[in-house]
Every structure is written in C-alpha cells, then in structure tokens.
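Structure, as structure tokens:
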Amino acid sequence: MSDARYNFKEVEPRWQRAWTDKKTFVSSGDGSKPKYFVLEMFPYPSGRLHMGHVRNYTLGDVVARFRKSQGCDVLHPMGWDSFGLPAENAALERGVHPGTWTRENIADMREQFGPLGLSLDWSREISTCEPEYYRHEQKMFLDFVKAGLAYRKESWVNWDPVENTVLANEQVVDGKGWRSGVAVERRKLNQWFLKITDYAEDLLAAIETLDRWPDKVRLMQHNWIGRSEGARLDWAVLKPEGTELPDKLEVFTTRPDTLFGASFCAISPNHPLAAELSESNPALADFVTDCNRLGTSEEAIEKAEKKGFDTGLTAQHPFDSDFEVPVYVANFVLMDYGTGAIFGCPAHDQRDMDFARKYNLPVICVVAPKDADPVAFATELEAGTEAFTGDGVAVKSEFMNGMTVDDAKRAAIKKIETAKSGEGVVQYRLRDWGVSRQRYWGCPVPIIHCDACGAVPVPDSDLPVTLPDDVTFDQPGNPLARHPTWKLVSCPSCGKDAERETDTFDTFFESSWYFARFCDPKNDTLGFDKAEANKWLPVDQYIGGVEHAVLHLLYARFFTRALQTCGYLDIAEPFDGLFTQGMVGHETYKNSDGAWLSPDQVTQSESGDAINSEDGTPVVVGRSEKMSKSKKNTVDPAHIIGTYGADAARLFMLSDSPPERDMEWTDSGIEGAWRYLNRLWRMVVETPTDAGSLPALDTMDVAAAGIVKAAHKAIAHVTEALETFRYNAAVAHIREFTNAIGELNPDLVGAAPARRFAVETLARLANPLIPHITEEMWATLGGNGLLADQAWPKHDPALLVEDSVTLAVQVNGKMRGTIEVAAEADKETCEATALALPTVQAQMDGKQVRKVIVIPGKIVNVVVG
RNA sequence: GCGGGUGUGGCGGAACUGGUAGACGCGCUGGAUUCAAAAUCCAGUUCCCUUACGGGAGUGUGGGUUCGAUUCCCUCCACCCGCACCA
C-alpha cells in the first residue's frame, strides 16, 4: 500500500521530454501508413494562452493521439496567425513596434504550450507575419490578378473624421469612432476584391458533399451565399423639365409576381442617382449624410430605424404606363445587393409594409391564400399592418390572375423579357471579398501604381515586397502611406516614377491557405510543393470555434478553389471534417459597489456565501459568461497547470460538457479531475505487475471474468465515443469502468490477472485524454516502449453478449416495474411475465386489457381501460 | 433587423433510429478512519405526499401527434454565436 500522491510535477515534464526526444509526434509522410491531418485553428499571438485555446488544442490532441494509435501517420502542426490589428493598437498605445510585440508574444506563447503536453509537430511551425510566409501569398495574389480572379473597384469604408483614418467595424461603437467618439462617415476608396462570387454556385453546391461538417455550419454557409432567383427590371423615371437624370431606374426583385402591388421605389443612399439628386437638394444631401453615419456594417444598417426621403421623382410601372409610384431614398436599401434599388410592395413584404404605414403609401393586395375570399382577405390586409408573405394566388394582377406565386413569377419574367425591360436573374447575397486594408501590420499588396501604366504587378524577381521596419505610430493612419521613401519606386513597365500600393491584405488572406503551407513549411521557392499538398490535403479533421462558421471557413473554401484554378493544387475543398467547439465561460463577480472582481479575489464565507477575499465584503455572483478581461472572469491556464497539472486540466475540460457546447470553468470541477488522477494512480500501485497472462474466462470466478467483459465493453464504448467527439461520454465510460475495477474482490480466483488486464486497458483507453499519467501507468505496469506508440485495443464482440435483459413494464405508458427475461424470450413470455407483476395487477384492477405492446429487449406496455 | 444554435435535479451533463429520464461527475447530508484535519472509504441525494409500502408531478412555455415524446410537429419565452475591416 502506498499513500504517495501522484507527482505530476515530476511525471509530466519527464514524458514530454521523452516524446520530444523520440520524435514521437513528428509525421513521417513516407506513405507507409494512411495519412491523417489534424488541424486546430491557429492562434493569434495575443501574448497569453487562454482557456479557449487550451480547450481547442486539447480537443485536437485527443484526435491526433487517437488516430495515431489507430495506425495513421498523423500530421498535427502549429503556427501563428500573426498579422492583425491588435499589434498596431499595442504600437499606438505603448510605442512598441508591432513586429517586436508580435514576435515576443509568439515566444511567450510557445513557452506556455510546452506544459500542456500536446502531440504537436513543432518542426513545421509557421508564422504568417514573416516574409518567408507572406511572400508566397503575394505571388498567389498576382496569379489571381492574371487569372481574372482579383480586380479593383470603389467601395465604402468607415472613416473617422477626427483621426483621419479608416476604422474597422469593431472600432465603430454606436456609430462613433472608438477613440475619437465622433460620428463616423462613409468614404469611397479604390480597393482590391477577389471574385468569390465566380464560385458562388460551386461553393453552394459543394456544401452537399461536406458530410463531416456540422449541419448548422452548412446551413449558415448556404444562407450566407443566399442564392435567389428573381428579376432585374427597369422603371422609367419621369424627370422634371430641364433635368439631366437617367431615364430609367433598374431594380432587383425576388417577387416579380407582386409588381401590381407596388407602391413606391426606393434606392440606396449610396446609389449614384441619390448622389446626383443631392447636388441640387440640400435636404436630401443631409439625409444621405445622416444615413452614412451608421457605418458600413449590415447589422447597424438593419437595426436602424427604417427611414426614407421622397426624392420627388416618379417612376412608371413597366407593365402599365398609367401606374406611377414615388421614388424614395431609403436607409435600408443596400447598395451591395442587387442593383441598389428596389420596388416596394407593402402588402407582401413586412419591411415595405412598415415603410408604407410610416409614409402613408398605399397597400395593394395582389396575392391571396387559395381558399380565402379574395375581396375580404384584401380588405383586411390593406387595412392592417401585417404583410402576407405566404403562398397563394395572384389577384388584381392582369395577366397573372389566378396563378400560383411561382407561376406568376415565371409569367412576369417572361413578359419583362419580351418587353426588353429587364430579365430573370440569379442573385446571390454573397459579395466579392474586399481584401484591401489601409494598415501597416499585414502583407503588402504587391502592386505599383503608375500614372501612365496604371496598376502594375510587382515582377516576380522583385518579390517579396517586405514591410519596412522604420515606421512611426505617433499619429493615427497608415504608417506605410506616410513613410518617406518606401513607396517611391520606378514603374516596372515604363520606368517612370511610380508609387507602391500602401494597402495590405485582410488577415483572412493568411488563414486561407496556411493549412497548405503546413504540408511543406520550409519551402522557400514555393508556397508549397504540389505533391506535398496533394499528399496531406484535405485536412481530415479541422477544429475551431463556431464564430468562424461563415467568414474564415468560406474564404478558405474559395481560396482553395482559386489555387486549384491557378494550378497550385488538385483539390477544391480544404477541410474534409469540421468540428466546432463551444466557448469556455466562468461565473462573474461584482463588489457591492458594482466593480468586477476576478475569481481569485473571491472566496467562500463560513456560511457558504461568496465574499471578497481581501476585505470580507459580500460579492454578487453573476451567471457564467465568456471569459473576458473586461469582466475579469478569466482563469490563467498556466496557473491551473502549475497547481493540478496538464492531465487534470485536460480531463476536466473534456469531461465537463460536450465539446460543441459552451462550458463553465469551476474550481470544484478541476479538483474532481485531480482526485480522479490520484485514484487512478493508487489503482496502478495496488495492481500486481507479475499477475501472469489472462487465463480462460471459464476458469475464473464470475466476478473476475465480469471485469474482463467490462473491459471489452469499455473498449467498445470509449472507441465509439472518441470517434464521434463525445468526449464527455468517453470520460463517463472510463470512470464507470474504473469504479467496476475498484469493486473487484482481489481474493477471487483469477482476480489478479483480470485486474492487471483491466488496469492496462484503462491506461490505453484514457491515453488520448490524459496522456502523461497513462504513460506513467503503462511504464509502471511493465509495458514496452511508449504507450503513445501502442496500437489501440480491440474489443471481442462475443464478450458483449448478455444472457438476460431487463424490460421496463408500463401500464398506459406509465412505468410500473421491470422484469428480467432471457435475451431471446418471445413476446408471449414477456407479456405473461409482465402481466404477473403485482404492481401491474394493481393498476388493472377492474379494468380490461385492450392491448399489450412488446418491443423485444426494450419495453412492455399494457394498455387497459 | 436578418441567419444559426441552445434550454433536462442545487450545478455540469447522460439517454443509440420515439421505448426504464437523471448515466458519469460536482456539490450537499450521514457514517467509518483520525487526537484533529486533509486525503480516503461506505451509504444517501429530482421535487411533493407517506414512518414505510406506495402514489403524484416532472426535460424553458403553451398546445398537438402516439400505446408511449427530452426525442417528431406548431406557438411563445430566455440566453448564446455570426452579420462581410476583430480574429
């Protein structure tokens, strides 16, 4: 008997060294085993590892270790998504260079990764802010330009008029600049775009093939791409005398069937016509300015109160020249979608209905439900405030009358096309990807602007275009743009004086191909060798937060296709399997005066109430929220691992909640995990290592043989749970099995070899979850080599078969008892046994049995009445 | 505003394709061990009524389908994620 506690402080570093020394987790890539690429979304080097990271990389580590033990050549790399806004903010606030700040953070975080004991192959480490990485994406971009996949156009940005700088949406708070506090404006800039819309149809269709992605992510991408069939059509503009406005307005609609219900047209505040009209209409100009204060985010625009401005213009219905409607400028019409102009049909669109009620515009019902009385229905609809958006039959619509919505749409489009006033079109909500950023800490766009030649690509021989280090952050704005010399170059085409583009790429650019770089990370002539990429890609299991469900994951899907088009690789889909994890939260605490307190400032009083550990004052305990610095509810992983070890932290993370769900970090939870590790350790110490090989089951005591069967059952359960990401269930099965081993009487015949076998199986099964202690268990039991190199155990299906089963017995669907019958018992036997139960008899008192339902192996339900 | 998700004991959660709701763990209660504590071990623990036997209620709300619903359908509520320049 030993009461020595498990010494993780000595054990964990020892095994970490062993894995590193033996290159246990370095992938060979020699093709002798099936490949398996496990990738977690790489971190932004903020400086500190947080619990979200620990959860993410622990989940990936379980996959990697599990697949390795199943005989795969696992690629499990790590790197740094190291360009981004926070580095510039640090420069602005503390005067430290973004590169210095970033590289120091990377060094710190790499240190913090060590004690976690992850099965990472650090020989493939990459960092996206280094020219060795980003030079290749400059080449890719130029290839995209050549292939017609990149182009320049004007688009809108948030502009801070005080700081004279472009703001990210995140930097716009309630329509105001986060530092200046002044209302933002919209500005138009010439920017680079990637033609993701060229692939819209393919990206949409291929969602079907992503059967190892969560349905919710597939649905979100489907809706984001937002394919809709509709029509573009012209409304004639009736111009006042002597004006030189365009004579038609092109609108987009998904409901051409409701054209006869139109009561207004509306254009975006950013529509060229709005700008033109503003020139001679100061009130309209003010209205447009007002709309532009909302910033550029769709959320802000959609949440804002719906407002319109009557331009005084009149538009003429394409099917009826006597049908005229007013033209408004409306703040909810998006310039980026369709044509930036719509016609409004209040009866059949809720937003148009609200608009009509606000501005006293007519409501004309042109679709009625099939069985409704059209006149009564229309009367009610036209008097109310609820639009009717359901299916029905066209009314008051001339040639469409009596048609279903779908038929009427087709008829309307046909008529529009015949009249040459428009056409049926497929429209996507998806917009091209704007990749230009007016910032320093990003990959320079390799373009030179020449007055004579226009935008000229930097020649291959001059790549990479590297960031200059001598930049200043003493004022807002892009340091590249105000650098005295960096941008001054001669035109590669004509040789005259020209200027470098001072914009850098969106940081999603880097994360759109890093998985390919991991396949061939040291290649300095190419981003990656095609053969290497084809060997490892697609990523077999990708793991990260749901917050990336659309943007990053869609950009990466697009980028891979663009690379395929340009001949870089042979696949279209980068991620074969995707798993989205939940967030890590913690309770929040507030002082009596409302100030946030961190968890280590809070303790329990003797009566069990939460109090401030410093002054004993009462603390208000709030619900669990995402860990954030502002709410002080963060827990430092380094501190946790220093106190309990990596295995305890991992075990709690994995056992607490299903990985896809948000989890709450609790002190008692981590202590429970820690206690379990000690229990495991005691179990090994008390297990004879010289118990001999496992004898035939029928020579052993029933209970000892039962433990062997329990081991096989555990193998089956845990294997299945690990394969389906049900890690919390895997832990439950492991603990259940542990409880069973603990209950085995050591004096029984065969107990010693049974226990030896069971504990060894336990170590094998728990290894992907808690790798250090299980490695120590394996060594203590006398196992050969590293447990990390052992093959995954297999269960014997014959040992899982039960002789008898327990059936639930219900009367009228209510549980009244259970019966034990032979596994192969027939229905009659089950029925008779169930009816004989006293509790069943009591319920049947004076009533007649109407029916008995027997589901073999599950239930008997007696229906009486 | 739009799109997506989640909701089960005091707490985290389990329940295969509609078939014993609460596995496993945390916490709590009682007991053993200890001079004492920690650690460990044993027992109990959804709620209500009952000494007990047993009965009733119960998976966010309200309704529906079914012999049977946490699971399927509809309504409503709460919270979380995303909305294209945060990563």
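Keep in mind it's a predicted model, so treat the numbers as computed, not measured. Naming: A, B, ... by sequence-line order, numbering from 1 per chain.
- Ranked by how close their nearest RNA chain B nucleotide is to the 5' end, A:Val860 and A:Glu660 are led by A:Glu660.
- In this entry B:rG68 has no Watson-Crick or G-U wobble partner, no candidate having both defining distances under 3.5 Å.
- In this structure, A:Arg682 atom CZ and B:rA39 atom C1' are separated by 8 Å, rounded to whole Å.
- Taking the P atom of each, B:rC76 and B:rA87 are spaced 38 Å apart, rounded to whole Å.
- Using a 4.0 Å heavy-atom cutoff across all strands shown, A:Ile855 reaches at least one base atom of the nucleic acid.
- The cationic group of A:Lys153 lies under 6.0 Å from the six-membered ring centre of A:Phe193 and within 45° of the ring axis, placing it in a cation-pi geometry.
- Between the side chains of A:Arg218 and A:Asn223, no donor N or O sits under 3.5 Å from an acceptor N or O.
- No engagement by A:Ser655 is indicated, since no non-hydrogen atom pair under 4.0 Å with the nucleic acid exists.
- Comparing the P positions of B:rA23 and B:rA15 gives a spacing of 12 Å, expressed to the nearest Å.
- Comparing B:rU65 with B:rC28, their C1' atoms sit 41 Å apart, to the nearest whole Å.
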* Asked: In B/S/- notation, 5' to 3', how is nucleotides 43-54 of chain B contacted by protein heavy atoms closer than 4.0 Å?
  -> ------------
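- Checked against the 6.0 Å centroid threshold, A:Trp674 and A:Phe8 count as a close aromatic pair.
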* Would you please test A:Phe559 and A:Phe509 for ring pair (Phe, Tyr, Trp, His ring centres under 6.0 Å) and show each step? => CA-CA 8 Å; A:Phe559 209 94; A:Phe509 212 106; 5.1 Å; yes
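- A:Asn223 places its CG atom 13 Å from the P atom of B:rC2, with the value rounded to the nearest Å.
- B:rU20 and B:rA39 are spaced 37 Å apart, taking the C1' atom of each and rounding to whole Å.
- Centroid-to-centroid, the aromatic rings of A:Tyr555 and A:Trp433 come within less than 6.0 Å.
- Salt bridge status for A:Arg431 with A:Asp336: present, with a side-chain N to carboxylate O gap under 4.0 Å.
- Side-chain N/O atoms of A:Gln171 and A:Asn158 include no donor and acceptor closer than 3.5 Å.
- Look at OH on A:Tyr676: it is 14 Å from P on B:rU40, rounded to the nearest Å.
- Taking atom CG on A:Asn739 and atom P on B:rA23, their separation rounds to 12 Å, with Å as the unit.
- In this structure, B:rU51 makes no Watson-Crick or G-U wobble pair, since no nucleotide meets both defining distances under 3.5 angstrom.
- The C1' atoms of B:rA21 and B:rC47 are separated by 14 Å, rounded to the nearest whole Å.
- Looking at A:Ser180 and A:Asp160, their side chains do bring a donor and an acceptor atom within 3.5 Å of each other.
- Between the side chain of A:Lys814 and the base of B:rC67 there is no donor-acceptor pair of N/O atoms closer than 3.5 Å.
- Phosphate contact (OP1/OP2 of B:rG13, side-chain N/O of A:Arg735, threshold under 4.0 Å): absent.
- At the heavy-atom level, A:Thr806 lies under 4.0 Å from base atoms of the strands shown.
- Distance A:Lys303 NZ to B:rG3 P: 14 Å, rounded to the nearest Å.
- With a cut-off of 3.5 Å on both pairing distances, B:rA23 has no Watson-Crick or G-U wobble partner at all.
- At distances below 3.5 Å, not a single donor-acceptor pair connects side-chain atoms of A:Gln848 with backbone N or O atoms of A:Val864.
- When each of A:Trp80, A:Phe42, A:Trp513 is checked for a ring pair (Phe, Tyr, Trp, His ring centres under 6.0 Å) with A:Tyr133, only A:Trp513 meets the rule.
- Close to B:rA14, at under 4.0 Å from its OP1 or OP2, lies a side-chain N or O of A:Asn728.
- Across the P atoms, B:rG12 and B:rU61 are found 16 Å apart, a figure rounded to whole Å.
- Separation of the C1' atoms belonging to B:rU75 and B:rA84 is 34 Å when rounded to the nearest angstrom.
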Polar atom pairs (N or O), protein with nucleotides 84-87 of chain B, under 3.5 Å:
residue, atom, partner, partner atom, Å
B:rA84, OP2, A:Glu298, N, 2.9
B:rA84, O5', A:Asn169, ND2, 3.3
B:rA84, O2', A:Arg431, NH2, 3.4
B:rA84, N6, A:Arg429, O, 2.8
B:rA84, N1, A:Arg431, N, 2.9
B:rC85, OP2, A:Arg437, NH2, 2.8
B:rC85, O4', A:Arg437, NE, 3.1
B:rC85, O4', A:Arg437, NH2, 3.3
B:rC85, O3', A:Asn169, N, 3.2
B:rC85, O2', A:Asn169, N, 2.5
B:rC85, O2, A:Arg439, NH2, 2.2
B:rC85, N4, A:Gln191, OE1, 3.0
B:rC85, N4, A:Gln191, NE2, 3.4
B:rC85, N4, A:Gln438, OE1, 3.1
B:rC86, OP2, A:Asn169, N, 3.3
B:rC86, OP2, A:Glu170, N, 2.7
B:rC86, O4', A:Glu170, OE1, 3.1
B:rA87, OP1, A:Leu85, N, 3.1
B:rA87, OP2, A:Thr507, OG1, 3.3
B:rA87, O3', A:Asp81, OD2, 2.9

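- Whole-Å rounding puts the A:Leu219 CG to B:rG5 C1' distance at 10 Å.
- Residues A:Asp656 and A:His733 each lie close to RNA chain B; by heavy-atom proximity, the contact nearer the 5' end of the strand is made by A:Asp656.
- Under the 90° criterion around 0 for the glycosidic angle, B:rG4 counts as anti.
- For A:Arg661 and B:rA14, the shortest distance from a side-chain N or O to OP1 or OP2 is below 4.0 Å.
- B:rG44 is paired with B:rC28 under the Watson-Crick or G-U wobble criterion, all donor-acceptor distances under 3.5 Å.
- For A:Ser657, counting side-chain heavy atoms from C-beta on, the closest listed nucleotide (B:rU40, B:rG3, B:rG12) is B:rG12.
- Atom pair A:His717:NE2 and B:rA15:C1' shows a separation of 12 Å (rounding to whole Å applied).
- The closest donor-acceptor contact from the side chain of A:Thr197 to the backbone of A:Ala200 lies at 3.5 Å or more, if one exists at all.
- Spacing of C1' atoms, B:rG7 relative to B:rC11, comes out at 15 Å, to the nearest Å.
- Within the shown strands, nothing qualifies as a pairing partner of B:rA14 under the Watson-Crick or G-U definition with both distances less than 3.5 Å.
- Whole-Å rounding puts the A:Met815 CE to B:rG56 P distance at 13 Å.
- Side-chain contact, A:Gln221 with A:Arg557: a donor N or O sits under 3.5 Å from an acceptor N or O.
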